[in-house]
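Input: a single structure, listed below in structure tokens.
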2 protein chains.
Amino acid sequence: MIPFTKLEATPLSDRISTLLKDAIIEGQFKAGEEIVLTAIAERYGVSRTPVREAFQSLAKDGFLTLRMNKSAIVVGIDEHFLRNHYEIRSVLEAQAAYNAAANGKDFSRLQRIQDDAEKMRLPMSLDEFRSYNMKFHRCIWDLSGNERLQQLLSDMWVSSYSSSALPEIHRQTRTFNSHRRLINDIINHDCDAAFEHMKRHIIGSLNNILKILDEGKKEA
Amino acid sequence: MIPFTKLEATPLSDRISTLLKDAIIEGQFKAGEEIVLTAIAERYGVSRTPVREAFQSLAKDGFLTLRMNKSAIVVGIDEHFLRNHYEIRSVLEAQAAYNAAANGKDFSRLQRIQDDAEKMRLPMSLDEFRSYNMKFHRCIWDLSGNERLQQLLSDMWVSSYSSSALPEIHRQTRTFNSHRRLINDIINHDCDAAFEHMKRHIIGSLNNILKILDEGKKEA
DNA sequence: TTATTGTTTATTGTATACAAAATACAATGA
DNA sequence: TCATTGTATTTTGTATACAATAAACAATAA
């Protein structure tokens, strides 16, 4: 077969849910604000059906609250939300790392992702760093061998949370160090260490986000 | 106000998704079977719209695989699936127990649920035991103070997994012992013990289910 | 006035209609 | 025969139409 990558059409509902999710994360809606299905459909120039599906997806992911026969409510991305979100993510990522250390056989891809990143000059651009970070975590999800865990973590991944935090060079080197330690744990099949280090790694990024958030509040 | 409990209408999509979920768990569909939206809509005598929403919900919960412009595929509830499912559930329940031990203040409800159950004559009926077990776990989710965690665990709860396992009296007393130990951990604010014990508790029930499943296979 | 009921309007829940994609299969030509 | 192409059928994706609920407000009666 000819090496053409299949250009796949994504359903409208998916595109809309990512757009809305980003909008919510970036604070384009106030916390607790009522958000009317019909209005969103009009804004994006589509029918209510795919918007409705997007709403339900966002509700399942915890970004919207749906009420029978009433407008949806935007969940506020405040400290409480972020703590809850990262608490869950930390323990799921930790389990993924545990599994990778326990079951993983071929770690070459994980190594290469790290090596390629370390060859670059710091600080990397925001997009570069996000791409690397995403690849690193996704690779561990793969190694976990738990497809459902992969799906859950993928749904929880919100790259823009950390947007303001990453361009600083010392943050990037800290992430490198943390990732290198994780790779070591995994390659050495030290499951418990991988679990603990990953948990701390994620909680660390939460704390960083909260710090940024706090500084932002003081400025305002 | 008069003590009437609000009788609430649930959306069709919710009712259909629970029906379908149960059907999948109970093996009414073969693993990997294609399941046609239109057919399900006809079978339940509703339009495709709510069925479609149910499909998307089930897909998010990992019981269906959706493919663009193609029929959905039923995920097989085999050993691999159960291991993945319980691995995730165990670590989330464990985190909930950890939080309950860390943050919880008023444990009277948890105590009362356990006390009421222990007053009953064993073996309890299947429904009684399920109700007690559900209340116990839900109470800990509440105490965790993480609403999102609560939502996730609620979506993962499938009572009928354990249907065949519970009527035996020695299983019920084992569960009692395990729950009592958990209550102790939580009341003593021993977070790490609560985490570990809950994790083992859930993995224990997985192993029990796998055992039952294995015996069923030998018979057939 | 004040509480209750009727009416209107906005918004959601569900059903149907239409468009696009995938599949099966017949027709065609080598 | 075999591969390819056109066509019909099935099934999904999206839009629209209709029904039901909820909120706002006007009207009525005490």
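Note: hydrogens, waters and symmetry copies are ignored here, and every other heavy atom, side chains too, is used. In what follows, every chain begins at residue 1, and chains take the letters A, B, ... in the order their sequences are listed.
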* Asked: For K60(B) and D61(A), what are the C-alpha separation, side-chain angles and deciding distance, and is it a salt bridge (Lys or Arg N to Asp or Glu O under 4.0 Å)?
  -> CA-CA 9 Å; K60(B) 274 235 152 186; D61(A) 288 343; 2.6 Å; yes
* Structure fact -> Here the distance between atom C1' of dA21(C) and atom CZ of R67(B), to the nearest Å, is 13 Å
* Structure fact -> Regarding the side chain of L12(A), the nearest nucleotide among dA15(D), dG13(D), dA15(C) is dA15(D)
* Salt bridge E53(A)-R48(A), side-chain N to carboxylate O under 4.0 Å -> no
* Check ion pair D115(A)-R112(A) (N to O, under 4.0 angstrom) -> no
* Asked: Should the pair R83(A)-E87(A) be classified as a salt bridge under the 4.0 Å nitrogen-to-oxygen rule?
  -> no
* Please examine the side chains of I35(B) and F29(B), heavy atoms only from C-beta on, and report whether any two atoms are closer than 4.5 Å. => yes
* Asked: Are F63(A) and F81(A) an aromatic pair by the rule of ring centers under 6.0 Å?
  -> yes
* Report yes if the distance between the aromatic ring centroids of H137(A) and Y132(A) is under 6.0 Å, otherwise no. => no
* To do: Could you check how far CD of E42(B) sits from C1' of dT16(C), rounded to whole Å?
  => 14 Å
* Atom CG of D14(A) and atom P of dT12(D): how far apart are they, to the nearest Å? -> 17 Å
* To do: Among the candidates dG13(D), dT16(C), dA17(D), find the nucleotide nearest to the side-chain atoms of R52(B).
  => dG13(D)
* To do: Check the distance between dA17(C)'s P and R48(B)'s CZ and give it to me in whole angstrom.
  => 12 Å
* Structure fact -> Atom CD of E53(B) and atom C1' of dT12(C) are separated, to the nearest Å, by 11 Å
* **Rounded distance in Å - CD (Q56(B)) to C1' (dT14(D))** => 12 Å
* To do: Considering just the side-chain nitrogens and oxygens of S47(B), establish if one lies under 4.0 Å of OP1 or OP2 belonging to dT14(C).
  => no
Taking only N/O atoms, report every protein-nucleotides 8-11 of chain D pair under 3.5 Å with atom names and distance.
none

* Asked: Is dA30(D) paired to anything, Watson-Crick or G-U wobble with both distances less than 3.5 Å, and if yes, which nucleotide?
  -> dT1(C)
* For the pair made of CG in L64(A) and C1' in dT12(C), what is the distance, rounded to whole Å? -> 15 Å
